[in-house]
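Step one of this worksheet: look at the structure below.
Quick note: numbers below take in every heavy atom, side chains included, and nothing from hydrogens, waters or symmetry partners.
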Amino acid sequence: MSASLVTRRTLAGLLAAGALIGAAAVPAAADDHRRDRGQHTSLVIGDVENAGRGRDNRALNSEWVEVKNTGRHGVQLRGFTLTDKQGNRYRFNDFRLEGRSSVKVHTGQGRDTHRDVYQGRRTQIWDERDTATLRDNRGNIIDSESWGRRGHHHHSH
């Protein structure tokens, strides 16, 4: 039995005790703690396509960054952000990324599906040398991916 399981159980017990006091804010907090922090480590930035050279929407949508969930469990990405080096930020809405699946974040406009979401921008944001950084809804960095002119990709966790 791993130590983290023990802590989580104790934490759940504490939260349950807190709920008896009847504080209205407790359910949200309990939900927050119940989400295993370790889950997010299954999220990585996958492929990056920044080949689009053009101003039209099709070119913008051929530019994307893939977010992959390598774990078995779905992760709610609401409030997660994807930023480039210049600080352009895309924030996920209510989006659940199922286990072992990925979503492509396109730069242009389109209708979000469970495989593709769109930033709705009119200009490109990913440069030939850039870094995509994925953060959770608390601003913690989950993964970042850099690439340079020769297309070298490297991950930094």
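Aromatic ring orientation, Y90 versus F92: perpendicular (interplanar angle above 60°, classes split at 30° and 60°). Between H106 and W64, the ring planes are perpendicular. Angles over 60° get that label, and only those under 30° would be called parallel.
How far CG of L82 is from CD1 of I45: 5.5 Å, rounded to the nearest 0.5 Å. For the atom pair W147 CH2 and W126 CH2, the distance stands at 5.0 Å (nearest 0.5 Å). The structure places OG1 of T133 at 5.5 Å from CD1 of I141, a figure rounded to the nearest 0.5 Å. Rounded to the nearest 0.5 angstrom, D56 CG and S62 OG are separated by 8.5 Å.
A 4.5 Å side-chain heavy-atom check between Q86 and D130 finds at least one atom pair inside the cut-off. Using a 4.5 Å heavy-atom cutoff, the side chains of L134 and V67 are in contact.
Here the closest non-hydrogen pair linking R135 and I142 is C-CD1, 4.0 Å. Residue E128 comes nearest to N50 through the heavy atom pair CA-ND2, 3.6 Å, listed as atom of the first residue, atom of the second, then distance. Taking every heavy atom of both residues into account, Q119 and I125 meet most closely at NE2-CD1, 3.5 Å. Residues N69 and S42 share a closest heavy-atom pair of OD1-OG, 3.0 Å. The nearest pair of heavy atoms linking D143 to L43 is CB-O, 4.2 Å. Taking every heavy atom of both residues into account, E145 and V48 meet most closely at CG-CG2, 3.9 Å.
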(message) The test is side chain to side chain donor-acceptor pair (under 3.5 Å); show your working for T131 and S146 and say whether it passes.
(response) CA-CA 4 Å; T131 302; S146 298; 3.0 Å; yes
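One side chain, S102 or E66, offers a donor N or O that lies under 3.5 Å from an acceptor on the other. A side-chain N or O of E63 and one of T107 form a donor-acceptor pair less than 3.5 Å apart.
Both V75 and V65 belong to a single network of hydrophobic side chains, linked directly or stepwise wherever heavy atoms of I, L, V, M, F, W or Y lie under 4.5 Å apart.
Listed by first then second residue, pairs satisfying salt bridge (Lys or Arg N to Asp or Glu O under 4.0 Å) with a partner in residues 73-91 read R78-D94, not counting sequence neighbours. The list of salt bridge (Lys or Arg N to Asp or Glu O under 4.0 Å) pairs with a residue in residues 99-125, not counting sequence neighbours, is empty.
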